[in-house]
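I have placed the structure first, in the form of structure tokens, so that the comments after it can refer back to it.
So you know, we letter chains A, B, ... as the sequences are listed, proteins then strands, and number each from 1. Just so it is clear, the values below take in all heavy atoms, side chains as well, and ignore hydrogens, waters and symmetry mates.
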Number of protein chains: 4
Amino acid sequence: MSLREKKAAKKKEEILRSASLVIARNGYKNATMEDIAAELLMTKGSLYYYFKNKEELLYKCHELILSCAMERLEELFLENLSAREKMQRAIKVHLDIVIQEKEVFNLIGKPEQIFSEENIVKVFQKRDEYAGIFDRIIDEGVARGEFIIDQKKMARMMILGAANWVQVWYSSEGQYGKDELEEIYAKYLLKILL
Amino acid sequence: MSLREKKAAKKKEEILRSASLVIARNGYKNATMEDIAAELLMTKGSLYYYFKNKEELLYKCHELILSCAMERLEELFLENLSAREKMQRAIKVHLDIVIQEKEVFNLIGKPEQIFSEENIVKVFQKRDEYAGIFDRIIDEGVARGEFIIDQKKMARMMILGAANWVQVWYSSEGQYGKDELEEIYAKYLLKILL
Amino acid sequence: MSLREKKAAKKKEEILRSASLVIARNGYKNATMEDIAAELLMTKGSLYYYFKNKEELLYKCHELILSCAMERLEELFLENLSAREKMQRAIKVHLDIVIQEKEVFNLIGKPEQIFSEENIVKVFQKRDEYAGIFDRIIDEGVARGEFIIDQKKMARMMILGAANWVQVWYSSEGQYGKDELEEIYAKYLLKILL
Amino acid sequence: MSLREKKAAKKKEEILRSASLVIARNGYKNATMEDIAAELLMTKGSLYYYFKNKEELLYKCHELILSCAMERLEELFLENLSAREKMQRAIKVHLDIVIQEKEVFNLIGKPEQIFSEENIVKVFQKRDEYAGIFDRIIDEGVARGEFIIDQKKMARMMILGAANWVQVWYSSEGQYGKDELEEIYAKYLLKILL
DNA sequence: AATGAATGAGCCTTCATTCAT
DNA sequence: TATGAATGAAGGCTCATTCAT
């Protein structure tokens, strides 16, 4: 990759970060191209040099975060740990992201309302991959006799749902610190699987 | 209440129902006054006779559903049941609403993005009241020794969060029927409290 | 048709007329919704109450004029006249429209550059119908031995092309009056068919 | 002319050719600087090294083609032929260009919509020169008694108009080949002058 | 009570043009 | 010379809101 390309890639990432910020603040629907550009002291026109339209920008935004999360989880999955330990750590990682990337993350309840056909498919695919890691951990746990659960998919849904909801109420100035919260969630949500 | 007023009240409710439908279909942000009116074979102008603006309409919509839910829960709370039983039933009621009123319910993650100051306060108040019933059930359970839990608020958040997420993925044509789903959720989420 | 509908229909026509004016002045591509609205002391937003988008407006505009022209020609065709006389009169009618409706008429050389698939088809259809009347006159003339021509389609193209071009250079303040011009064109273009 | 200048001149011509292509494909208004540059594997910024703005580029484009056409006609005019023969050949040359240079040629019905004052004058001048050759042929024919016509200017307009219109409907895959078409047009349009 | 009509602000997008490198 | 990047103005479209009737 040439210097130029690197620079452009970096700029793209900056834009995505800016977009994430704005989305986190205002939500997908309220995030305007103007806002996103202003955050970077650019004009909205410039964004179109990097992304072909708003949807693509939003999509890439969503994708980036999901990819980062995936990486962390994949890594975790390969470690030599008990399923319990893995699940607890996975929950913490997930919460980490949910808290950090308020709104940009998994939480677009209804991608249909934001993305068009073409991207929806990809969004769902990515999500399934992501959730798949949790499924694999559960499978592992069940195989090893660590977890006792019949409704594996639903258990995963409960865990992720509970964690996602944190994004709605958590505030760094609230009663609980992030680490404390993660600890507690990991502990209690695990019970679902036991 | 005069006949006039009764009629108006009835119409208001019709509008709210229509709005709920549209919101369920398209989401808060995508629900236009036009859509809502069309559903009732009215014109959007007429809506302003009953509600002073879109926000009020949406707010009342949200309020209505929350109130209905409250009623069912209050009733339940007063019944003579074990805390476990109450919690399981409460979860089922909650899921019932979540599934039925996809999107209109609790699930506005960020009311700030939809409502203005004045209404946000009221929204949060209502929500707290609603969640309060779950808290009371938990308190009861702890008092009676049925539940063992230190982080009561968080436990409630987990339960409601997990249940709310159902709204994202549940489809009546999916693998699980509504009753079956409720049964499973009630069973596993209860474990958090044990 | 109710009074309301009549009024709306009238407004639609007014808009089309305004659009025709603007198109005539600035061309299809340069005609902005703003311009069209301003002509009627409206705001551009209002136009969307009557037409779903710019293309539809332009299309209807084109259609209206073509329809009016068709009517005049159809009528003419049914009169009891020699083919020569009919053709001369048809040429005059055509010139009349070309001059009056500078630009809005037949003359969108390349509808593909203005209309989308759906409308292009209809445009071409209408045009063919229109040109068809000239073809029928030519056929009649040939059948009666008034015209001697092998390449009927091409002859029609020549006649209409020559007439259409008038729109490019004709000015009411120029050397020739409209009637005079029509007379001359009718006379000379007829020669092509003899 | 230095080597530098020669190179630049060559490049300019390449750009004009590319522009002609794009214009032919998309029309004047739809031809973007980007398109024109892309055709040459350049970036649009570079175009401004050779032309001060889009209008100049378009103007030069138009001029180039008109000049080429002029040359061919001038040559033809000087040949020792009857006026009839000359006119027929001139029509063929004109059609040749019309067909080849679809859209870039004479056919900008309304230069006012594309060019600004300064260039419009020059465009009209060039056009008049071009049309002037046809006028001279007609004059010659009338002088020699080959043509009988009072309205010389109009006759010229008819001939050129009819020929220009070919550009609208002609397709190389259509019923007629180019040569055949030219033959027919030359034959029939001549009749106007007889 | 309800409607048709109009408005205006806001947003996305395109594109000619500029400029530092 | 050429390019990548950025800009700003303009235009199309949507939609909540208003208002006379």
Side-chain angles (χ1 to χ4, degrees), chain A residues 2-5 7-8 11-12 15 29-37 40-58, chain B residues 4 7-8 11-12 15 29-37 40-58, chain C residues 2-5 7-8 11-12 15 29-37 40-58, chain D residues 4 7-8 11 29-37 40-58:
Chain A
S2 77
L3 183 66
R4 274 272 149 81
E5 280 168 328
K7 253 189 170 172
K11 191 86 193 186
K12 266 193 170 188
I15 294 174
K29 278 288 162 187
N30 292 318
T32 72
M33 293 300 266
E34 189 114 38
D35 291 342
I36 295 168
L40 292 165
L41 305 180
M42 299 172 88
T43 56
K44 57 181 165 175
S46 312
L47 299 180
Y48 289 84
Y49 185 76
Y50 297 95
F51 298 92
K52 82 167 190 284
N53 56 28
K54 189 182 174 183
E55 189 182 333
E56 191 189 282
L57 204 168
L58 294 187
Chain B
R4 276 262 151 93
K7 253 187 164 174
K11 193 85 191 183
K12 271 191 172 187
I15 293 174
K29 279 289 161 188
N30 292 319
T32 72
M33 294 298 268
E34 190 109 40
D35 292 341
I36 295 168
L40 290 164
L41 307 179
M42 298 172 88
T43 56
K44 58 182 165 176
S46 314
L47 299 180
Y48 288 83
Y49 183 81
Y50 298 96
F51 299 92
K52 83 168 191 281
N53 55 28
K54 189 183 177 184
E55 187 181 335
E56 192 188 282
L57 202 169
L58 293 187
Chain C
S2 76
L3 184 66
R4 276 270 149 82
E5 280 166 328
K7 253 188 168 172
K11 190 87 192 187
K12 266 192 171 188
I15 294 174
K29 279 286 162 190
N30 292 318
T32 72
M33 292 301 265
E34 190 115 37
D35 292 341
I36 294 169
L40 290 165
L41 306 180
M42 298 172 88
T43 55
K44 59 180 165 176
S46 312
L47 298 181
Y48 290 85
Y49 186 77
Y50 296 95
F51 299 93
K52 83 167 191 284
N53 55 30
K54 189 183 174 183
E55 187 181 335
E56 192 189 282
L57 204 168
L58 294 188
Chain D
R4 275 265 150 92
K7 251 188 167 175
K11 192 86 192 183
K29 279 288 160 187
N30 292 319
T32 72
M33 294 298 268
E34 190 108 40
D35 293 340
I36 295 168
L40 288 164
L41 306 180
M42 298 173 88
T43 56
K44 58 182 165 176
S46 314
L47 299 180
Y48 288 84
Y49 184 80
Y50 298 96
F51 300 93
K52 85 166 190 282
N53 56 28
K54 189 182 176 184
E55 188 182 333
E56 192 189 282
L57 202 168
L58 294 187

Any strand, both distances under 3.5 Å, Watson-Crick or G-U wobble: dA6(E) pairs with dT17(F)
Please lay out, stage by stage, how L57(C) and M33(C) fare under the test side chain to side chain contact (heavy atoms under 4.5 Å, CB included).
CA-CA 9 Å; L57(C) 204 168; M33(C) 292 301 265; 4.0 Å; yes
Show the numbers, then the answer: is there a side chain to side chain contact (heavy atoms under 4.5 Å, CB included) between N30(C) and K29(D)?
CA-CA 9 Å; N30(C) 292 318; K29(D) 279 288 160 187; 3.1 Å; yes
I need the minimum non-hydrogen distance between S2(A) and E5(A), along with the two atoms involved.
N-OE1, 3.0 Å
What is the distance from CG of N30(D) to P of dT14(E), rounded to the nearest Å?
13 Å
Find the distance K52(D):NZ to dA16(E):P and express it as a whole number of Å.
16 Å
Taken to the nearest whole Å, CE/M42(C) to P/dG4(E) is 16 Å
Can you name the nearest heavy-atom pair linking M42(D) to Y50(D), along with the distance?
CE-CE1, 4.2 Å
Nearest atoms (heavy-atom pairs only) where F51(A) meets I15(A)
CE1-CG2, 3.7 Å
Categorize F51(D) for me: base, sugar-phosphate, or nothing, with a 4.0 angstrom heavy-atom threshold over every strand shown.
nothing
To the nearest 0.5 Å, what is the distance between CG on L47(C) and NZ on K44(C)?
10.0 Å
d(NZ, K12(B); P, dA1(E)) in whole Å:
12 Å
Nearest-nucleotide comparison on DNA chain E, the residue closer to the 5′ end among R4(B) and Y48(D)
R4(B)
Rounding to a whole Å, what distance do you find between E34(A):CD and dC11(E):P?
7 Å
Using every non-hydrogen atom in the two residues, find where T43(D) and A37(D) come nearest and quote the distance to one decimal.
C-CB, 3.6 Å
Along DNA chain F, 5' to 3', what are the outermost nucleotides having an atom less than 4.0 Å from a heavy atom of chain A?
dG4(F) to dG8(F)
Reading DNA chain F from 5' onward, which residue's closest nucleotide shows up sooner: K54(C) or K7(D)?
K7(D)
Run the numbers on T32(C) and K54(C) for side chain to side chain contact (heavy atoms under 4.5 Å, CB included), then give the verdict.
CA-CA 9 Å; T32(C) 72; K54(C) 189 183 174 183; 5.6 Å; no
Under 3.5 Å, which N/O atoms of the protein pair with N/O atoms of nucleotides 8-10 of chain E?
none

What's the verdict on side chain to side chain contact (heavy atoms under 4.5 Å, CB included) for E56(D) and N53(D), showing C-alpha distance, side-chain angles and the deciding distance?
CA-CA 5 Å; E56(D) 192 189 282; N53(D) 56 28; 3.6 Å; yes
Residue pair A31(A)/L47(B) against DNA chain E: nearer the 5' end by closest nucleotide is L47(B)
Euclidean distance, atom CE of residue M33(B) to atom C1' of dT7(E) [Å, nearest integer]
16 Å
